[in-house]
There are 2 protein chains.
Amino acid sequence: MARLSFREQMLRAREDAILAAVNRLLAEKGFDLMTVDEVAAEVGIAKASLYKHFTSKEELAAAAMIRVLDRALAFLDERQARADVGPLEQLQAVVRWTMEVQLAGEMPSLPAQNSSLRQALLANRDYMDRLVEVSERLGRWIAEAQASGLIDPALPAEVVLYTLFARACDPVLSLLKAGGQYSDDEIIRHLLATCFHGLCGGPRKPAAA
Amino acid sequence: MARLSFREQMLRAREDAILAAVNRLLAEKGFDLMTVDEVAAEVGIAKASLYKHFTSKEELAAAAMIRVLDRALAFLDERQARADVGPLEQLQAVVRWTMEVQLAGEMPSLPAQNSSLRQALLANRDYMDRLVEVSERLGRWIAEAQASGLIDPALPAEVVLYTLFARACDPVLSLLKAGGQYSDDEIIRHLLATCFHGLCGGPRKPAAA
DNA sequence: GTCTATATTCGGATAGAC
DNA sequence: GTCTATCCGAATATAGAC
């Protein structure tokens, strides 16, 4: 039993190393430009060995994205444990977290509408279940925030949810990061401001009347 | 002379048909997933004939994107002719226009950071000149709007500019469009609201104090 | 379950006739 | 300048030895 468990641990460790590499490459180049050869090279094993763990490139990417969703769910767990935080602050904390993941180069970009990956993800129950779970938890905060007017009640909740997902891989962040003239904190501050208060800059100026 | 001019016209017409097809395919699938075979099939000519007009897939895509920028510049010309419109309204009109182009399925998505297309575009003077021109014109409106406080002066102009570009190919729009439960007008209205006033919904509620 | 070597498919690009 | 036919490299996936 102990030996089996040990082997199992080794297996898990290797697979996690694989998924970490896939995750990084997905963030850097996206699914289409990432090659299985690169993944194998980065992990330091032969390509054929990869295919013993995962049966296709799509499954490889799906496993990495499931891992990201699991991290997101763990983060949501943490936040939900705090009862003293309002729904708007929770949503802002989530967006901040996604930006930190982006800055760390660990946020895979959304698959294009036609990608073979998209098909695979839609058919992957493990992935879809987690995506639905994340959406439902965010949906509860969105509903609360809209009920109290902290989030614009005129916006359909769907629009708010999609916007949060989209900001999790907003190209503005990588453009600013590539420009190199702002610190990570400044980037996050500006993007949080535009996400929640818009380019016009909402309620911070209390209208000099 | 007349015959030469006629031939020239035919050539232009064919090339424009090619670019229209490329533009549509770029919007639908992106550069990586678009194949030259598809383009040829859609135009109804042989692939080899395409390569008489354009020497590579990258050049083909670049020509299509230059065409988009030319349309944008023409739109900016129109707007600048109106002297009675404030800078914020001009920027909102621009964003609205980009969303209409997106809804028409004619807005190519931003090339990924590592795409071979990105390299080609950066080296393409015709493309870069137009991109700089668009940026400078938008930059003037942004500066004016920030000077009068209509756009948040705390945001670096660069952040505002990048955000406008990013909203021109925001995946939120295609998600809402795919959902099918909102009219094009509603989609544009909600996205304009989140872009300029944020999820919290800025100055429309005059703070019931 | 890891390796080397290879099969196979696909897509960008070209040759050469007309 | 358009076509048909083809080349060639790249990338996914697999065979088969150890």
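Residue numbering restarts at 1 for every chain, and letters A, B, ... go by the order of the sequence lines. Note that these values count all heavy atoms, side chains included, but never hydrogens, waters or copies made by symmetry.
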Option passing side chain to side chain contact (heavy atoms under 4.5 Å, CB included) with A:Thr194 (candidates B:Asp152, B:Val160, B:Leu155, B:Thr194) = B:Leu155
Short N-O contact, [X] and [Y], less than 4.0 angstrom:
X: A:Arg96; Y: A:Asp185; result: no
X: B:Arg137; Y: B:Glu133; result: yes
X: A:Asp170; Y: A:Arg167; result: yes
X: B:Arg140; Y: B:Glu136; result: no

Parallel, tilted or perpendicular: which fits the ring planes of B:His190 and B:Tyr182, with parallel below 30° and perpendicular above 60°?
-> perpendicular
C:dG1 OP1/OP2 closer than 4.0 Å to side-chain N/O of A:Arg14 = no
What is the distance, rounded to the nearest whole Å, between atom [atom1] of [X] and atom [atom2] of [N]?
X: A:Asp37; N: C:dA5; atom1: CG; atom2: C1'; answer: 13 Å
X: A:Leu33; N: C:dG11; atom1: CG; atom2: P; answer: 15 Å
X: A:Asp32; N: C:dC10; atom1: CG; atom2: P; answer: 16 Å
X: A:Leu117; N: D:dT12; atom1: CG; atom2: P; answer: 13 Å

Touch check for B:Met34, heavy atoms < 4.0 angstrom, all strands: base, sugar-phosphate only, or nothing?
->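 Answer is sugar-phosphate: B:Met34 comes under 4.0 Å of backbone atoms only.
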Using a cut-off of strictly less than 4.0 Å between a heavy atom of the residue and any atom of DNA chain C, enumerate the qualifying residues of residues 44-61 of chain B by number.
->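 Within this stretch, B:Lys47, B:Ala48, B:Tyr51, B:Ser56, B:Lys57 sit under 4.0 Å of the strand.
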